[in-house]
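Just so you know, residue 1 is the first one in the sequence shown, and it goes up from there. Note that this is a predicted model, so its numbers are computed, not measured.
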Amino acid sequence: MRALVITSGHGLEMTRRPKPRLSRPDQVVIRIVQSGICGTDRSVLIGKFPATQGTIMGHEAVGVIAEMGSQVTSVAEGDRVVINPTLYCGQCNPCMRGEWNFCVNKSGTEVGLDYDGSFADYMVLPCRFVHLIPDTMSSDRAVVIEPLACVLNNLEAGDVRATDNVSIIGAGPMGVLTAMLCRKAGATVALFDNDLARRELAEHILDFDNTPVQMFVESATMPSANVVFDTVGTQLETAMGIVADQGRIVVVGFNDKATANVAPLAILQRGLTIVGAGDYNGRIFPRAINLAEKLPLERLITHHFPLEDHSDAFDLLSATGTKHGYGAMKVVLTSSRETP
Ligand SMILES: [Zn+2]
Ligand SMILES: [Zn+2]
């Protein structure tokens with residue numbers, strides 16, 4: 001099969017790999033239809049996020065069950081599924097407590113980083129990490145369910161309610177999804193990004209139900225908000241400037257280089273809460289799938305590329321590449337046709 005593999009120099013290379021086989025009775029082989037490119041994938045390629053050389057990248061996937069082990073009863077051959085890429089062992093202490101997202105045996109199980117992922121024709125997983133999607137749901141909507149699960153996790157951590165004024169820093173896919181979800185919760189939403197192309201894309205994507213989202217070019221002009229999401233991961237100081245007294249700041253974006261200068265006294269005197277939600281627990285997946293039935297997630301997708309054209313796809317996601325600013329929102333790599 002075809003596979004996009006992480007090379008030693010933070011690159012991606014199209015190679016041929018043997019089609020994965022079932023090695024345990026609880027596993028399934030999934031024929032991948034398509035996968036979204038995540039910010040993390042891009043971070044790996046620019047050396048900002050660790051990944052193991054030789055691993056097949058990709059973790060936001062929709063596919064079809066192609067083969068199944070003898071113990072699998074939750075899905076059947078031909079079923080359309082999305083994958084939950086946050087694998088866990090099920091045996092360690094946190095796992096026994098149901099805190100799968102804090103599994104201590106994550107090494108070798110991070111899909112697309114050190115466990116072969118979905119930028120390929122096929123992948124293999126234990127069946128508890130695949131979830132059925134409704135027949136009526138398009139693959140373009142389904143491919144956004146994994147990032148939606150992540151956003152839902154953060155929204156719940158921020159305890160967003162209809163009465164909240166929410167400010168979101170960063171109008172990339174996570175920022176736009178956060179805006180969609182906060183609006184669905186009834187909150188008033190403001191979105192900030194200093195990149196013009198991203199603002200225009202975000203405005204277009206969010207223009208579907210006559211609910212306005214205020215867009216801001218300068219974070220300094222943003223209205224005070226009782227919940228602030230930093231989807232960039234470097235903007236805690238900015239968030240401290242925007243958040244209202246007794247407000248909540250949710251750190252969403254991953255950046256292992258970011259540090260911040262904050263005054264602890266301000267946190268206590270102003271009664272602020274700073275929240276980190278971490279990885280989602282896999283239990284959130286069925287809820288994300290239900291939610292996806294009511295949200296036009298496919299609007300986020302601006303481009304599809306076949307696996308072979310991966311370098312064009314990643315070029316589009318580079319703010320400093322040949323384009324002036326970001327030329328895309330969600331970019332999807334297509335592995336196979338819906339029906340073979
Ligand atoms: Zn992702
Ligand atoms: Zn575990």
Side-chain angles (χ1 to χ4, degrees), residues 3-6 8 10 17-30 32 35-36 38-41 43-44 47-61 63 65 67-75 81-120 122-132 145-154 156-157 233 251-256 275-289:
L4 284 180
V5 169
I6 301 163
S8 56
H10 307 298
R17 282 281 182 88
K19 185 180 158 188
R21 288 163 194 248
L22 301 170
S23 59
R24 288 194 342 228
D26 68 332
Q27 287 178 332
V28 291
V29 175
I30 305 140
I32 303 297
S35 321
C38 176
T40 314
D41 301 330
S43 297
V44 168
K48 280 194 181 165
F49 205 83
T52 305
Q53 182 189 342
T55 307
I56 302 172
M57 194 182 256
H59 62 270
E60 301 177 357
I65 301 293
E67 277 177 64
M68 41 196 274
S70 57
Q71 281 177 6
V72 177
T73 53
S74 54
V75 288
V81 294
V82 287
I83 71 157
N84 164 13
T86 56
L87 309 190
Y88 55 87
C89 76
Q91 328 248 298
C92 68
N93 277 334
C95 278
M96 295 300 266
R97 291 196 299 268
E99 294 164 1
W100 306 327
N101 38 334
F102 291 96
C103 175
V104 295
N105 299 315
K106 286 252 184 209
S107 174
T109 67
E110 301 269 10
V111 174
L113 296 173
D114 60 11
Y115 178 102
D116 281 338
S118 64
F119 292 167
Y122 294 90
M123 72 177 288
V124 67
L125 275 175
C127 64
R128 65 181 192 267
F129 301 112
V130 300
H131 294 271
L132 281 171
I145 287 174
E146 195 279 335
L148 181 72
C150 184
V151 167
L152 180 58
N153 184 42
N154 282 293
E156 289 180 350
V251 182
V252 179
F254 282 72
N255 187 314
D256 73 349
V275 187
D279 276 347
Y280 53 77
N281 186 303
R283 233 176 257 118
I284 210 166
F285 245 78
R287 280 191 289 133
I289 293 170

Identify the two heavy atoms, one from [X] and one from [Y], that lie closest to each other, and give their separation to 0.1 Å.
| X | Y | result |
| --- | --- | --- |
| Asn154 | Ala277 | OD1-CB, 3.4 Å |
| Val275 | Ala157 | CG1-CB, 3.7 Å |
| Val75 | Met68 | O-CE, 3.3 Å |
| Ile6 | Ala51 | CD1-CB, 3.8 Å |
| Ala61 | Ile32 | CB-CD1, 4.3 Å |
| Pro94 | Cys103 | CB-N, 4.3 Å |

Expected output: side-chain [X] to main-chain [Y] donor-acceptor under 3.5 Å:
| X | Y | result |
| --- | --- | --- |
| Ser118 | Ser35 | no |
| Asn153 | Gly278 | yes |
| Asn93 | Val104 | no |
| Asp26 | Pro126 | no |

Subject >> Steps toward side chain to side chain contact (heavy atoms under 4.5 Å, CB included) verdict (Val82, His131) >> reply: CA-CA 5 Å; Val82 287; His131 294 271; 4.1 Å; yes
**OP:** Evaluate the side chain to side chain contact (heavy atoms under 4.5 Å, CB included) criterion for residues Ile56 and Met123: first the C-alpha distance (whole Å), next the side-chain angles of each, then the deciding distance (0.1 Å), finally the verdict.
**Re:** CA-CA 9 Å; Ile56 302 172; Met123 72 177 288; over 6 Å; no
Out of curiosity, [X] [atom1] to [Y] [atom2], how far, rounded to the nearest 0.5 Å?
| X | Y | atom1 | atom2 | answer |
| --- | --- | --- | --- | --- |
| Glu67 | Arg21 | CD | CZ | 9.0 Å |
| Thr86 | Asn101 | OG1 | CG | 7.5 Å |
| Leu148 | Ile284 | CG | CD1 | 8.5 Å |
| Leu152 | Ile145 | CG | CD1 | 11.5 Å |
| Lys106 | Cys92 | NZ | SG | 9.5 Å |
| Arg24 | Ser70 | CZ | OG | 12.0 Å |

**OP:** Fit a plane to each ring of Phe49 and Phe254, take the angle between them on a 0 to 90° scale, and name the class: parallel (under 30°), tilted (30 to 60°) or perpendicular (over 60°).
**Re:** perpendicular
**OP:** Check the pair Asn105, Gln91 against side chain to side chain contact (heavy atoms under 4.5 Å, CB included), reporting the backbone distance first and the verdict last.
**Re:** CA-CA 9 Å; Asn105 299 315; Gln91 328 248 298; 5.6 Å; no
**OP:** Taking the six-membered ring of Tyr88 (Phe, Tyr or Trp), confirm whether the NZ or CZ of Arg128 is under 6.0 Å from its centre and within 45° of its axis.
**Re:** yes
**OP:** Could you give me the CA-CA distance, side-chain angles and deciding distance for Phe102 and Arg97, then say whether side chain to side chain contact (heavy atoms under 4.5 Å, CB included) is met?
**Re:** CA-CA 10 Å; Phe102 291 96; Arg97 291 196 299 268; over 6 Å; no
**OP:** Would you list the pairs meeting side-chain hydrogen bond (donor to acceptor under 3.5 Å, both in side chains) in which at least one residue belongs to residues 47-61, sequence neighbours left out?
**Re:** Glu60-Lys330
**OP:** For ring pair (Phe, Tyr, Trp, His ring centres under 6.0 Å), just list the numbers for Phe129 and Phe285, CA-CA rounded to whole Å, side-chain angles, deciding distance to a tenth of an Å, and then say yes or no.
**Re:** CA-CA 10 Å; Phe129 301 112; Phe285 245 78; 9.8 Å; no
Original post:
Are side-chain heavy atoms of Leu87 and Leu125 found at a separation under 4.5 Å?
Top reply: yes
